[in-house]
Amino acid sequence: MTVGRTAEEDADPAGAEPAPGGAPAGGGAAGGEPVAGRWVGALSLAGLGVWVGWFGPLQLLLARQAEQLTPDHKASTLALVTGVGAAVSMVANPVFGALSDRTTASVGRRIPWVVAGVVGGAAGLVLLARASGVTLVIAGWCLVQLALNAAFAALTAAVPDQVPPRQRGLVGGWLGVAQVCGILVGTALATVAGGVGAGYLACAAFSVLAAVPYVVMRRDTRLSPAARPAFRWRAFLTGFWIDPRRHPDFGWAWLTRFLMNLSYSVSTMYLLYYLTDAVHYERDADTGVLILTALNAVTLLATVVAGGVRSDRTGRRKVYVIWSGLVISVATLLLAVWQTWTGAVVASLVLGVGFGVYTSVDFALLTDVLPTAEDRGRDLGVINIANALPQVLAPVIAAPVVTHFGGYTTLYALAGALALVGSVLVRRIRGVA
């Protein structure tokens, strides 16, 4: 790791070459050439497929399956399955990111992992569709997390590979669109497919098909075998520790993202049960989750690209991240104090406004503080631990809070406090405006 240098100051590793149909070494990031809209569209569509594979299960299918298999212990079963899966995700993302940094395939460093990831993720979803016990559910969900994290690590690393800094807010915005649409499409497929098993199969098919345009386009950077450094286990494993004392901006960016994602995970993991047990929603709760997700998507889509573009034009990141975090905090507090269907609707709309801006601008901010160019996949994987670790901790926190310490009022007040702290700490990042 090169100390004291940013991703933009480092060149791509020596020997990196354009893959067929791709960009020169470093792509748009190194040469400053903007990426084409069709590549951004294909990247976003592939990302959409990954999010569908994750959030169809997370929003509805795993909760319904836990309810079917262990009706008297549905909350603890859901916590066990999602917690173990998130632990796998936390390890898989940086490892596959680092492996993609070292891949010397003729089609490029990232694309092979996208292909393997979506195929493996689909296999895990098929296993979940056939699972008849909790053990098989855990195995299937762990496979989904393992494989889709390989694809996700490769897709996110392609952004600093290919996209110049002045365009990253825009691309982050479209990836945010992919995320929210993935949640919406995944929830819709899980709702209308006609059962838990059919929902898993629908998500599997969508994930594979969505990756095809990106893979066919074959825009990727290629690493020659001669340029790949010798593999040493000790160096490989210790490389995942990025000392926050030497890279403080990276450390603060990681911590603030962790807190925001912990707030989001605590808020959403029990949404289905929140509607049934706290709001006492009179209609089908699955449909209620879908409606809230759709409303959240409306305001998120209205702000996600606009927020990223505005950040690119002004050259400022932190102010957008801070204010969007404060809006997120307000939304979660509404869920704590206004436990009615109307309150849930208003909170979903407000949450979408906050997460729209946060999703695009914070991603751009993260790419601006990566320590080195040659380890982008690994370093973004370390950042993505801040996405996965909250999924491990959220059920550990949420289950006892809901059961013993004040119920959903306390749970959503806690989520609001986490978002507030995460917003304030963004000010500690010094190297980004």
Side-chain angles (χ1 to χ4, degrees), residues 48-49 51-68 74-75 78 82 176-200 202-203 206 263-305 324 327-359 394 398 402 407-409 411-412 415-416 419:
L48 170 64
W51 288 109
V52 166
W54 273 330
F55 275 94
L58 280 173
Q59 289 288 95
L60 280 177
L61 296 174
L62 289 173
R64 282 302 183 208
Q65 202 163 26
E67 193 172 45
Q68 291 174 3
K74 61 183 182 181
L78 179 62
T82 56
V177 171
Q179 178 177 343
V180 69
C181 289
I183 298 171
L184 180 61
V185 172
T187 306
L189 290 175
T191 302
V192 305
V196 171
Y200 281 127
C203 291
F206 189 97
S263 171
Y264 183 80
S265 295
V266 166
S267 299
T268 60
M269 185 165 291
Y270 287 89
L271 183 59
L272 179 68
Y273 301 154
Y274 173 76
L275 288 182
T276 57
D277 300 339
V279 174
H280 304 294
Y281 186 62
E282 296 179 355
R283 301 177 184 176
D284 178 45
D286 288 9
T287 304
V289 172
L290 178 59
I291 292 171
L292 294 180
T293 304
L295 292 172
N296 178 265
V298 169
T299 51
L300 196 153
L301 292 174
T303 58
V304 64
V305 176
S324 62
V327 172
I328 292 168
S329 181
V330 169
T332 55
L333 290 174
L334 284 174
L335 291 172
V337 301
W338 194 3
Q339 294 180 8
T340 66
W341 175 246
T342 302
V345 167
V346 173
S348 295
L349 293 170
V350 174
L351 190 65
V353 172
F355 259 104
V357 178
Y358 178 83
T359 298
V402 170
Y408 293 100
T409 299
L411 183 70
Y412 286 106

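Throughout, residue positions are numbered sequentially from 1 according to the sequence presented.
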Residue pair Tyr200 / Leu62: nearest heavy atoms and the distance that separates them: OH-CD2, 3.3 Å
Closest non-hydrogen atom pair, Ala285 against Leu275: O-CD1, 4.0 Å
Reported CD1-to-CG distance for the pair Ile183 and Leu290, which is rounded to 0.5 angstrom: 12.5 Å
Residues Leu78, Tyr273; criterion side chain to side chain contact (heavy atoms under 4.5 Å, CB included); working and verdict: CA-CA 11 Å; Leu78 179 62; Tyr273 301 154; 4.0 Å; yes
Pairwise side-chain contact, Leu349 with Asn296, heavy-atom cut-off 4.5 Å (strictly under): no
Backbone of Ile328 reached by a side-chain donor or acceptor of Tyr358 within 3.5 Å: no
Least distance between heavy atoms, Val52 atom then Pro57 atom: O-CD, 3.9 Å
4.5 Å side-chain heavy-atom contact, Ser324 and Phe355: no
Where Ser263 and Ser267 come nearest, the two heavy atoms and their spacing: O-OG, 2.8 Å
Spatial distance of atom CZ (Phe206) from atom CG (Leu48) [nearest 0.5 Å]: 4.0 Å
Euclidean distance, Trp51 CH2 relative to Leu58 CG, rounded to 0.5 Å: 9.5 Å
Closest non-hydrogen atom pair between Phe55 and Gly182, with its separation: CB-O, 4.5 Å
Heavy-atom side-chain proximity of Ile291 to Ser348 below 4.5 angstrom: no
Member of Leu60, Leu184, Val185, Thr191 meeting the side-chain contact (heavy atoms from CB on, under 4.5 Å) criterion with Thr293: Leu184
Side chain to side chain donor-acceptor pair (under 3.5 Å) partners of residues 333-344, not counting sequence neighbours, each pair once: Trp338-Thr340, Gln339-Thr409
Note, Val353 side chain near Val357 side chain (heavy atom, < 4.5 Å): no
Non-hydrogen atoms of Ala63 and Leu272 that approach each other most closely: CB-CD2, 3.7 Å
Thr299 side chain reached by Thr303 side chain, heavy atoms, under 4.5 Å: no
Value rounded to 0.5 Å, distance of CD in Gln59 from CZ in Arg64: 13.0 Å
